[in-house]
Protein chains: 4
Amino acid sequence: MTWNDHKAIYLQIVDRVVEDILRGTLKTGDRALSVRDLAAEVQVNPNTVVRSYGLLEQEGILYNQRGLGFFIAENASAKARDFKKKEFIESTLPDVFKTIKLLGISMEELNLLYQQFENLKP
Amino acid sequence: MTWNDHKAIYLQIVDRVVEDILRGTLKTGDRALSVRDLAAEVQVNPNTVVRSYGLLEQEGILYNQRGLGFFIAENASAKARDFKKKEFIESTLPDVFKTIKLLGISMEELNLLYQQFENLKP
Amino acid sequence: MTWNDHKAIYLQIVDRVVEDILRGTLKTGDRALSVRDLAAEVQVNPNTVVRSYGLLEQEGILYNQRGLGFFIAENASAKARDFKKKEFIESTLPDVFKTIKLLGISMEELNLLYQQFENLKP
Amino acid sequence: MTWNDHKAIYLQIVDRVVEDILRGTLKTGDRALSVRDLAAEVQVNPNTVVRSYGLLEQEGILYNQRGLGFFIAENASAKARDFKKKEFIESTLPDVFKTIKLLGISMEELNLLYQQFENLKP
DNA sequence: GTGGTCTAGACCACC
DNA sequence: GTGGTCTAGACCACA
C-alpha cells in the first residue's frame, strides 16, 4: 500500500476498508482481516490498525466479536457510503467549489478535466 | 475569520491573501496589512502570519521592503492564480474525481450541488 | 442469550447459573447443563463455559463428578447468594453511591427509576 | 492518583476530568492541564492522556486550540453530567436493580446502606 | 488465536 | 511550547 503524506495513515486504512466495502470486496458478515494480518499486509504497526478499526466500529461499519475478530456490519455498504459522502460534501466540496469560482473554472472545463482523468488510468 | 480544522491556519491565511488578490481587493504595489495588524484582525499569533507571508514571498506574490512592510508584487495576480491552480489540479482534483467515481456521483449531480452551493451564500 | 459488552462473557454465564439457582430453577443435586449443551445454547465456545463452571466449582456452587458432569452443590442457594451479595456490596455499591452523589440523584429519584425499571419488563 | 484495575486507565482519567467539571474545579473557558503535564501528574504515558482528551473532545466537553492546548467547552458541565448520567442509567443501574431484586434487597435496605456509606468517609 | 491497553520514545506540524 | 501520529514491544483478558 502506498501512503499519502498529508493524511494520517490510520485514516488511509479506514479509507481502504470503506472502499473495499463500496466495491463489494467486503460484504456484510465477512470477517475483516485480523488486526495483526492487516498490519502485516500494509506494513504498519498493529496499533495503527487498531485505531482504524476502532473508528470503523464507532461508525457502525465494523463490529467486533470478542476473541473472534472484526466483521462487516449489517448495512455496512450504506453506512460506508454515508460516511464517505458526508466527509466529501461537508469538507471537500465547498473548498472545491470556492476554488473553481475563484479561478474561473467552469463546469464544462471541469467536465473536460474529468474525462482526461478517466482516460488516464486505463 | 473562521478556521477550518483540517487545514493549517497559516495556509488558510495564505488563501485569504491570494483570494484578495484574485478578487482585486489587493493590487500590485499595494501594501499588505502589517503582520501585527493582520494577526490582530484574525486573532492569531503573529508568528503564524509571518509564516504565511514568508510562503507568499517565496512564491513571488509578496515582497518585503525592510522597515516598510510587505507589498503586492508585480504580476501577483497571475502568480496567485498559477499557485492556486497548480495546487488544485495536482492535489485536489484527482482525489475529488476518485471519490466521485467511488460514490457514483455523476457530473449532473455535481452540477446540482454546485448550484446549491451558489445559492447558499447570497 | 444476549450479551453485555462491558462484562466478560464467562462471567455473564456465571451470573445466569447463579440466577437460576436463586430463582429455584436449579436445585441441590440437579445436574447442570453439560458444557457442550450450554455452550451450544448460548452460542459460545465450550472453553468459555468451562471457565464459568470452573469458577462456580471454586465457589462451591457446583461440583463435578467425573464422567457425569456438573451438579448443583449442597447449600448452593446460600452460597450463590453470598457470592452475589459480596460482589455487589464490595464492588458495585460504592461506585453507585459515589456516582449518585456526584450527579445529585436523590434516593427518591432512584426509587422512581427503580419503578420504571420494574414496569419495563412485564 | 490511584487506579482501579478493572477499568482502563484512560477511562479513569476521563472520569477524573468529568468529576472536576461537575465539582466546579474546572469551568468553561479554563485551560485543561496540557497532555504532558497531566501525564506527569498522574504518572502515566502521555499517549494515554491523549486518548482520554480525545474522547472528551469527541463528547464536546473539551475543545482544542491548536498549539495552545485543550480548553473546557461551553456547557461542559451539562455535557459532563449527561455523559456520566447516560453511562450510569444505561449500563450501571439495570444491573444494580436486577441484582437488588434477585437478592431480595429492598429500597429501604439500600437507603440504609447509603447512609452507612455516607457516614464512612468523614 | 483474537483484540485492548499501556509504555517508551521518536518525529512532526503548528502556534 | 502545544497536540498528533507512529513504532516497537510488552502484557493481559478473552474465546
Side-chain angles (χ1 to χ4, degrees), chain A residues 3 5-13 31-40 42-57 62-71, chain B residues 3 5-13 39 42-52 54-55, chain C residues 3 5-13 35 39 42-52 54-55, chain D residues 3 5-13 31-39 42-57 62-71:
Chain A
W3 305 117
D5 253 10
H6 298 305
K7 196 168 183 178
I9 291 182
Y10 83 95
L11 289 176
Q12 299 182 52
I13 294 176
R31 185 171 174 285
L33 279 181
S34 84
V35 168
R36 287 164 172 80
D37 287 352
L38 180 50
V42 300
Q43 310 229 58
V44 129
N45 188 289
N47 283 335
T48 305
V49 176
V50 165
R51 199 167 171 185
S52 309
Y53 276 15
L55 178 54
L56 287 163
E57 185 179 24
L62 295 186
Y63 67 91
N64 183 302
Q65 265 190 282
R66 284 187 289 185
L68 301 180
F70 282 89
F71 295 79
Chain B
W3 305 116
D5 255 11
H6 300 303
K7 197 166 181 177
I9 289 183
Y10 84 97
L11 288 177
Q12 297 182 52
I13 294 176
V42 300
Q43 310 229 54
V44 131
N45 189 300
N47 283 333
T48 305
V49 176
V50 166
R51 195 165 176 183
S52 308
L55 177 55
Chain C
W3 305 115
D5 256 10
H6 300 304
K7 197 167 182 178
I9 290 182
Y10 85 97
L11 288 176
Q12 297 182 53
I13 294 175
V35 167
V42 300
Q43 309 228 53
V44 132
N45 189 301
N47 284 332
T48 305
V49 176
V50 166
R51 194 163 177 185
S52 309
L55 177 55
Chain D
W3 304 117
D5 253 11
H6 298 305
K7 196 168 182 177
I9 291 182
Y10 83 96
L11 289 176
Q12 298 181 53
I13 294 176
R31 185 171 174 285
L33 279 180
S34 83
V35 168
R36 287 164 172 80
D37 288 352
L38 180 49
V42 300
Q43 311 229 57
V44 128
N45 188 289
N47 282 334
T48 304
V49 176
V50 165
R51 197 168 174 184
S52 309
Y53 276 15
L55 178 54
L56 287 162
E57 185 179 24
L62 295 186
Y63 66 93
N64 183 299
Q65 265 191 284
R66 283 186 290 183
L68 301 180
F70 282 89
F71 295 79

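Below, read A as the first sequence line, B as the second, and so on, with proteins coming before strands; counting in each chain starts at 1. On a predicted model such as this, the values are computed, not experimentally measured, just so you know.
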How close or far is atom [atom2] of [N] from atom [atom1] of [X], stated in whole angstroms?
X	N	atom1	atom2	answer
Leu62(D)	dT2(F)	CG	C1'	15 Å
Tyr63(D)	dG3(F)	OH	C1'	15 Å
Leu33(D)	dT2(F)	CG	P	10 Å
Glu57(A)	dG4(E)	CD	P	7 Å
Leu55(D)	dG4(E)	CG	C1'	15 Å
Gln65(A)	dG3(E)	CD	P	12 Å

Checklist entry - When we call it a touch if two heavy atoms are under 4.0 Å apart, what does Tyr53(D) touch: a base, just sugar-phosphate, or nothing? => result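 Contact class for Tyr53(D): none.
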Item to check | Nucleotide nearest Val50(D) when distance is taken to its side chain, options dG4(E), dT5(F), dT2(F) | outcome: dT5(F)
Excluding sequence neighbours, so at least two apart, what forms side chain to side chain contact (heavy atoms under 4.5 Å, CB included) with [X]?
X	answer
Gln12(A)	Trp3(A), Asn4(A), Lys7(A)
Thr48(A)	Ile9(A), Tyr10(A), Ile13(A), Val44(A), Asn45(A)
Val50(A)	Val35(A)
Arg31(D)	Ser34(D), Phe71(D)

Checklist entry - What string of B, S and - do you get for nucleotides 6-15 of chain F, 5' to 3', when a contact is any protein heavy atom under 4.0 Å? => result BBBB----BS
Item to check | Nearest non-hydrogen partners of Tyr53(A) and Leu33(A), listed with the distance | outcome: OH-O, 2.7 Å
Checklist entry - At their closest point, which heavy atom of Pro46(C) faces which heavy atom of Ala39(C), and how far apart are they? => result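 Taking every non-hydrogen atom into account, CA-CB, 3.8 Å.
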Checklist entry - Could you give the angle between the helix axes at the two ends of the helix from dG1(E)-dC14(F) to dC14(E)-dG1(F), with five pairs per end, rounded to 10 degrees? => result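 The angle separating the two end axes equals 20°.
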